[in-house]
Amino acid sequence: MSAMTEAAAGIQPRERDIARRETLRQLAKSKTLIVGVLIVGFWVVCALFGSTIAPDDPLELSDAVLAAPSSAHWFGTDQLGRDVFSRVIVGASETLKIAPLATMVGIIFGTIIGLITGYSRGLVDESISRIIDAFLALPLIVLAVTALVGLGSSNATLIVVIGVAFTPVVARTVRATVLGERELDYVDAAKLRGERSPYIMFVEILPNITGPIIVEATVRLGYAIFAVAGLTFLGFGVQPPSPDWSLQIADNYQLLSSGTYWWTVLFAALAVSSLVVGVNLIADGLQQVLDR
Amino acid sequence: MALITLFLLSVVVFVMAQLLPGDVGRNVLGPFASQDQVDRLNDTLGVNRPLVVQYWDWISHFLRGDLGTSLQYQVPVSDLLGPALANSLKLAAVAFVLVVPLSILGGTIAGLKRGGITDRVITVGGLSLTAVPEFVTAIVLILIFGVTLGWLPVTATAPEGASIPTQLEYLLLPSFALVAVLFGYIARITRSSVMESVDADYTRTAYLKGLSQRQVVGRHVLRNSLLPTIAVVATQVGYLIGGLLVIEKLFNYNGIGQRIYTAAVNKDFLLLESGVMIVGVIYLVATFIADVLYSVFNPRIRVQGSE
């Protein structure tokens with residue numbers, strides 16, 4: 001531990017560099033992580049440059065309604081004659097904006113609350129932790145549906161609602177990590193130097209718990225995509241005519257009972273599944289390396 | 001402690017329901033009612049009283065089992081939520097009965113064959129199923145078992161007066177979707193705690209004592225690794241109820257999730273408040289039961305607790 005403390009204090013910056021390089025090397029070796037990064041990277045590229053990759057305008061209507069997959073429309077067309085392939089290509093763009101921002105909101109507030117409760121303990125910790133428990137008793141989707149009905153659905157409210165719903169979970173994780181960290185020598189040393197509590201929390205402890213926070217952030221990102229997808233499916237998330245995957249599924253799943261038209265739903269379902277699995281693979285890979 | 005959490009939960013729920021915008025009276029009576037009528041209804045409902053008074057009114061009645069009258073349906077909320085809760089519990093029970101043994105089995109096998117092909121298939125497969133939104137899994141299941149193979153009904157509600165086996169048959173597809181989401185979590189926790197107990201000294205001692213693998217696993221490994229599993233099963237109750245919201249909507253099943261959904265859409269706030277509150281209470285009760293089970297199965301906690 002002392003090596004790490006000295007490194008953190010800047011006494012031996014080379015040692016810190018070596019440790020960092022070692023972590024990066026291990027990350028580059030993790031197959032789980034690489035596969036995850038490739039999948040997510042693919043969808044990020046599609047979301048960024050989708051309009052140039054996609055053969056058709058994802059919003060353009062045509063007379064070829066519910067056409068089966070063919071060379072003209074690789075994934076067929078939907079009820080309004082829109083090209084499903086083009087819609088699948090750009091279908092992540094909205095989710096990929098909302099989910100990371102919501103995750104950031106949750107991580108920032110959660111980290112602040114977690115640091116304060118874990119470091120100060122006592123009455124502050126007790127009372128905030130009870131409120132957190134109360135929030136955690138409500139499933140995310142129930143919380144979000146209620147709030148979204150009240151506030152009206154827009155991308156901004158989605159970000160805030162999911163972010164706020166994540167805050168207690170993140171706070172609990174950070175608090176647990178801080179509880180372990182505050183017993184270490186470097187915290188005592190800082191106290192003896194007469195540093196103020198905010199300085200110790202944010203300058204001394206925070207840099208030492210970035211590993212768990214990064215892992216938590218990737219895990220939360222997976223949940224955020226899951227949440228956006230679920231809310232959109234229920235009609236409270238991304239709004240039409242966006243080509244969002246969950247919206248495509250919500251619009252077309254009732255056609256399934258007829259046994260035909262599977263292409264209107266299947267490709268979007270595979271796409272959203274691959275994205276969440278990709279994010280979870282990244283989280284898993286990071287966890288194996290960072291949470292030793 | 002649990003009581004304080006319950007109280008805070010009720011405040012959270014109440015405040016959230018207050019977010020619902022608009023004039024309650026106007027919402028009920030529609031745009032063509034006169035302002036006078038709207039005002040009179042608001043007076044009768046008491047929605048223009050101070051918030052603290054309204055909160056007290058709601059919670060004191062709630063505790064006595066009087067959940068008020070639904071604004072939308074004009075019937076007691078309990079008449080709406082009671083049967084819905086029963087339906088949801090049926091669905092959740094079927095899902096639980098399927099998922100708990102299945103994932104403990106899967107997690108134990110994965111933990112015992114750590115690093116092997118079986119382990120990878122179970123771990124990666126479970127992780128992927130867990131990550132995929134439940135409505136996606138449900139739709140794929142409907143496509144395979146309902147539409148292509150035609151083995152299972154694609155709706156969740158059995159015809160009126162159906163026998164219990166038929167009702168179960170109708171509940172299978174929706175519960176499979178919930179099983180898919182929960183399997184990964186539970187199997188994963190079981191796997192890591194099985195791995196931990198396989199490495200423990202007492203397991204080595206058991207082997208050295210000459211017990212067969214079956215005996216070691218049954219008597220020592222499983223007994224010790226079920227504890228974390230119990231904890232995670234309880235925390236998943238919260239998810240399960242949230243997941244029910246989506247699954248019940250998809251299968252058009254008349255459960256508590258569906259009720260909360262329609263109450264939210266119709267801004268039926270008394271129904272919404274009570275529905276959400278019940279969900280929270282169920283979660284807290286499940287967590288409490290898990291704590292109790294945990295200490296029953298693990299004497300170490302009991303000893304520490306009494307110190």
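Throughout, a chain's letter reflects where its sequence line sits, starting with A, and its residues are numbered from 1.
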Begin from the C-alpha positions of A:Asn280 and B:Thr130 and carry the test side chain to side chain contact (heavy atoms under 4.5 Å, CB included) through to its verdict. CA-CA 9 Å; A:Asn280 276 278; B:Thr130 297; over 6 Å; no
B:Phe135 and A:Phe226: ring pair (Phe, Tyr, Trp, His ring centres under 6.0 Å), yes or no, with the steps? CA-CA 10 Å; B:Phe135 64 93; A:Phe226 195 109; 8.2 Å; no
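Evaluation of the salt bridge (charged side-chain N to carboxylate O under 4.0 Å, His left out) rule for B:Arg114 yields B:Asp199 as partners, not counting sequence neighbours. Applying the salt bridge (charged side-chain N to carboxylate O under 4.0 Å, His left out) criterion to B:Glu248, with sequence neighbours excluded, gives no partner residue. With sequence neighbours left out, the ring pair (Phe, Tyr, Trp, His ring centres under 6.0 Å) criterion links A:Phe166 to no other residue.
Scanning residues 273-282 of chain B against chain A with a 4.5 Å non-hydrogen threshold yields B:Val276, B:Val279, B:Gly280, sorted by number.
Closest approach of A:Phe236 and B:Val265 over heavy atoms only: CZ-CG2, 3.8 Å. Here the shortest heavy-atom pairing between B:Ala131 and A:Val276 reads O-CG2, 3.3 Å. The shortest heavy-atom contact between B:Val246 and A:Phe233 is CG1-CD2, 3.9 Å. Across all their heavy atoms, A:Val272 and B:Pro133 have their closest contact at CG2-CG, 4.5 Å.
The 12-atom threshold is exceeded at CD of B:Gln54, counting heavy atoms of other residues, nucleotides or ligands nearer than 6.0 Å. Other residues, nucleotides and ligands place more than 12 heavy atoms under 6.0 Å from the OH atom of B:Tyr55. The neighbour count for B:Ile117 CD1, taken as heavy atoms of other residues, nucleotides or ligands under 6.0 Å away, does not exceed 12.
In this structure, OH on B:Tyr283 lies 8.0 Å from CG on A:Asp133, to the nearest 0.5 angstrom. Put simply, CZ on A:Arg130 and CG on B:Leu9 are 13.0 Å apart, with the number rounded to the nearest 0.5 Å. Note that CD1 of B:Ile4 and CD1 of A:Ile131 are 11.0 Å apart. Values are rounded to the nearest 0.5 Å. Separation of atoms CG (A:Asp284) and OG1 (B:Thr123) is listed at 9.0 Å; rounding is to 0.5 Å.
Remark: the backbone N or O of A:Val142 is not paired with any side-chain donor or acceptor of B:Tyr261 at under 3.5 angstrom.
Contact annotation for B:Leu245: both backbone and side-chain heavy atoms come within less than 4.5 Å of a heavy atom of chain A. Using a 4.5 Å cut-off between heavy atoms, B:Val13 contacts chain A through its side chain alone, with no backbone atom that close. Neither the backbone nor the side chain of A:Leu140 comes within contact range of chain B; no heavy atom of the residue lies under 4.5 Å from a heavy atom of that chain.
Each of B:Val140, B:Val132, B:Thr137 was evaluated against A:Ser273; a single residue qualifies, B:Val132, per the side chain to side chain contact (heavy atoms under 4.5 Å, CB included) test. Each of A:Ile249, A:Val265, A:Leu266 was scored for a side chain to side chain contact (heavy atoms under 4.5 Å, CB included) with B:Val136, with one residue passing: A:Ile249.
In terms of heavy-atom pairs under 4.5 Å with chain B, the best-connected choice from A:Leu231, A:Val145, A:Ile141 is A:Ile141. Interface check for chain B: of the options A:Leu143, A:Val279, A:Ile132, the most heavy-atom pairs under 4.5 Å are formed by A:Leu143.
Residues B:Val12 and A:Phe135 have side chains in contact (heavy-atom distance under 4.5 Å, counting atoms from C-beta outward).
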